[in-house]
Peer 1: 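Okay, handing you the structure first.
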Amino acid sequence: MVTTLAAMAKNLVTLSCSIEYFRLHFSSYSLKLLTMNRDFPPPNLDTMPINALREILSNLNIIERSVLRKVNRTLREAVDNNHTTVDVEFDFCDDYITLTLDGIMIEYSNDDENKCQILDYQKPKIVDSDYVEFAKKDFGIHLKNPNTRIKNLKLQWEYSEDLFYKLLHILETFFDEITQNGGSGFSVETLELGENGGNKIARLLRLIDVNTITSLIISCDQFPVEEEEEFINVPQWERIRDFRVFGNVEHPYTIINALGNVSSFSIDQLNNNVDLTSQMVLLFILLVSGTLNYLQSTNNFFSNFQSFWELQTWKNNFSRLKSSSSFSQRSTHFGKCGS
Amino acid sequence: MSSTEQGTSSAAPAEPTTAPESAAAPEVPESFYYVHGKDKVVHKVSAGALQHSALIHGMISNLGYTEEQAKANPFPFENIDGDILQMVVDWCNQHKGKPTPPEDTNLPKQKEKLFDLVLAVNYLEIKELLTYCCKQVAMMVKGKSPEEIREIWMIPTDAEDEAAEKEAKKRAGKEAAGETAAAAGDAK
């Protein structure tokens, strides 16, 4: 009898402990209990727990997420509260614009007067709107989520002034919206531009959030990069750690002298500037290997340099790079010339 | 636990309906735990299978249950339907001690069942199964327009939502006013 009573008491203690544990433990899951309660609407896409919604969103691309945004307020909030990264390519051509988001291309073309034909991964459609305006609207919708970060923003406009200003108009419209909402510009990590004019590069660079930009890639296979001083003087340039140029540079010294914080740079030049680039590569290697001072005494080796002052500037610049703690991680590629 | 014993979740289960044991005979005797859902049907699950659920695993570690105590006190999950809990238990048993495959094709195709499963799995904190379920839900969303999504899942538009909210507020206001009036009448 005593044994039975003791066992019952033990069971009671265990049970009360269990109940207490469940009470305490489940209090932290009150939100979950809410979602599990049958008095609430049946489980649905817009009543999913936030963990599940986040997981669902991670399986959708930016276009699908934009579609989900349009369903209702709950889903819009879920999409907007979810941090996402995307690669964006905006290509402006004479009669059409292509917007590529994470490799999914949408083409907006001038089908008829004031009509826009849209070709995307689903089905082609024609809308009663100007194609530039429609591309602008779509770009805005896809990047409406304030927590979207653009990993790579590639902009091209066939070196045409007219197309550049169309693109700039679109970007500036959204830039104004972002700054009005307290942002500092487009959250872009890498800006890739098909342009040679320093002024235009600077104007686009200024639209990027100074806290997010880390890389700048300039592709100019037709004309050499000019007016470099325009873009090396914008605040965003100071934040660039990786700088690449594919094409010619009119005054490479200007860029080289302004490398400052740039830890990785490459200038992939065409053959017409090979001699200069070879010297730059050689100088860099010599400096790293510590034989520069010795060779400097044999003045004729550097006879091709424009002046002794220029040599000193280069030397100081490279010394700064060398003395930096992350020097071992730096890489210098001179594309065709290096090979 | 038989249906006659419903509501006595703390009582010892008479005969668990399912007893999925591990196929390979373990060297060390494996401990088993018991769970039941809304239908009070008790499921016997090995500790190894329950490792998948962070919630149950946490409960076991914190309670320090012996096998007898666990048998006497099955974990109650009153908010999970019996068939859904069965699915979860089966999945845990199937994937016990195994690396989870990249895809799971044995998930329910019906959206209602799938959504119930998502809720249960999220509640029980079974990360891998949640990933599979959510992937399947995402596949259902892919390629649909906002209108199609609304239609398939019967999601109200913002306007409909707002109208329903207003209506609910109005009704709540009226009920509150009625109660106040009744209370005033009683006081007189």
Side-chain angles (χ1 to χ4, degrees), chain A residues 7 10-22 24-26 28-29 31-61 63-77 121-123 125 141, chain B residues 9-10 38 55 58-59 62-66 68-69 72-73 75-81 111-125 127 130-150 152-162:
Chain A
K10 197 181 168 191
N11 270 344
L12 271 173
V13 168
T14 314
L15 181 62
S16 64
C17 284
S18 312
I19 291 165
E20 184 60 16
Y21 174 79
F22 277 109
L24 289 171
H25 196 90
F26 286 160
S28 63
Y29 292 94
L31 267 177
K32 285 182 180 179
L33 283 168
L34 274 179
T35 57
M36 298 293 292
N37 195 329
R38 279 282 171 258
D39 294 340
F40 283 76
N44 209 338
L45 201 58
D46 62 335
T47 55
M48 284 274 164
I50 195 73
N51 281 351
L53 259 179
R54 201 175 291 143
E55 193 68 47
I56 293 165
L57 290 173
S58 71
N59 287 293
L60 300 174
N61 66 38
I63 296 174
E64 289 153 353
R65 287 196 293 264
S66 300
V67 168
L68 215 53
R69 272 189 101 259
K70 293 180 194 167
V71 174
N72 76 349
R73 193 176 50 195
T74 317
L75 291 174
R76 185 160 50 252
E77 281 167 8
Y121 72 110
Q122 287 181 326
K123 49 195 171 197
K125 55 182 172 186
I141 290 168
Chain B
S9 58
S10 59
K38 197 193 263 180
L55 179 79
M59 287 157 93
N62 290 321
L63 285 170
Y65 262 18
T66 61
E68 288 74 34
Q69 285 169 332
N73 303 300
F75 293 118
F77 296 108
E78 306 281 354
N79 42 18
I80 301 176
D81 284 342
K111 65 177 193 305
E112 290 81 9
K113 281 262 178 277
L114 184 62
F115 283 3
D116 276 333
L117 186 62
V118 170
L119 290 189
V121 164
N122 181 63
Y123 178 67
L124 296 170
E125 295 179 47
K127 201 175 173 296
L130 183 67
T131 307
Y132 293 136
C133 293
C134 291
K135 201 172 179 182
Q136 186 140 328
V137 176
M139 293 307 287
M140 288 175 165
V141 171
K142 278 177 190 281
K144 307 252 178 357
S145 68
E147 293 75 28
E148 283 171 326
I149 294 172
R150 264 190 228 117
I152 294 167
W153 281 282
M154 290 181 288
I155 300 170
T157 59
D158 285 348
E160 287 166 347
D161 239 358
E162 277 167 23

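In the text below, chain A, chain B and the rest are named by the order of the sequence lines, each starting its count at 1.
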Peer 1: Just give me the residue among B:A138, B:C134, B:C133 that pairs up with chain A most often, heavy atom to heavy atom, under 4.5 Å.
Peer 2: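 Of the candidates given, the most pairs with chain A belong to B:C134.
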Peer 1: Just so I understand: if I count every heavy-atom pair under 4.5 Å between each of B:L130, B:T131, B:T157 and chain A, which residue has the most?
Peer 2: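 With the most close heavy-atom pairs to chain A, the winner is B:T131.
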Peer 1: Nearest 0.5 angstrom please: A:N51 CG to B:K127 NZ, how far?
Peer 2: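 Separation between the atoms: 10.0 Å.
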Peer 1: Kindly give the heavy-atom pair with the smallest separation between B:P146 and A:K70, and that separation in Å.
Peer 2: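 Residues B:P146 and A:K70, closest heavy atoms: CG-CB, 3.6 Å.
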Peer 1: What's the spacing between B:I155 CD1 and A:T74 OG1 if we round to 0.5 Å?
Peer 2: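 Interatomic distance, B:I155 CD1 to A:T74 OG1, rounded to 0.5 Å: 8.5 Å.
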Peer 1: Which region of B:E160, side chain (C-beta onward) or backbone (N, CA, C, O), has a non-hydrogen atom less than 4.5 Å from a non-hydrogen atom of chain A, or is it both or neither?
Peer 2: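 Contact with chain A involves no heavy atom of B:E160 at all.
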Peer 1: Drop me the distance from B:W153's CH2 to A:N72's CG, to the nearest 0.5 angstrom.
Peer 2: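 Spacing of CH2 (B:W153) from CG (A:N72) equals 12.5 Å.
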Peer 1: Would you compute the distance between atom CG of A:L60 and atom NZ of B:K135 and round it to the nearest 0.5 angstrom?
Peer 2: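 The NZ atom of B:K135 is 12.0 Å from CG of A:L60, to the nearest 0.5 Å.
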Peer 1: For A:R69, which atoms come within 4.5 Å of any heavy atom of chain B: side chain, backbone, both, or neither?
Peer 2: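 Interface part for A:R69: neither.
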Peer 1: Determine the minimum heavy-atom distance between B:D158 and A:R73, stating which atoms define it.
Peer 2: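 Scanning both residues completely, I find the closest heavy atoms to be OD1-N, 2.6 Å.
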Peer 1: Under the side chain to side chain contact (heavy atoms under 4.5 Å, CB included) test against B:V141, which residue among A:V67, A:L68, A:L57 passes?
Peer 2: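 Of A:V67, A:L68, A:L57, side chain to side chain contact (heavy atoms under 4.5 Å, CB included) with B:V141 is met by A:L68 alone.
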Peer 1: Restricting to non-hydrogen atoms, name the atom on A:A52 and the atom on B:N122 that form the minimum distance, rounded to 0.1 Å.
Peer 2: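 Result for this residue pair: N-OD1, 4.3 Å.
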Peer 1: Determine yes or no for a side-chain-to-main-chain donor-acceptor pair under 3.5 angstrom, with B:K111 supplying the side chain and A:L45 the backbone.
Peer 2: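 Checking the backbone N and O of A:L45 against the side chain of B:K111, no donor-acceptor pair under 3.5 Å is found.
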Peer 1: Please round to the nearest 0.5 Å and tell me the distance separating atom CE of B:M139 and atom CG of A:N59.
Peer 2: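 Result: 8.5 Å between the selected atoms.
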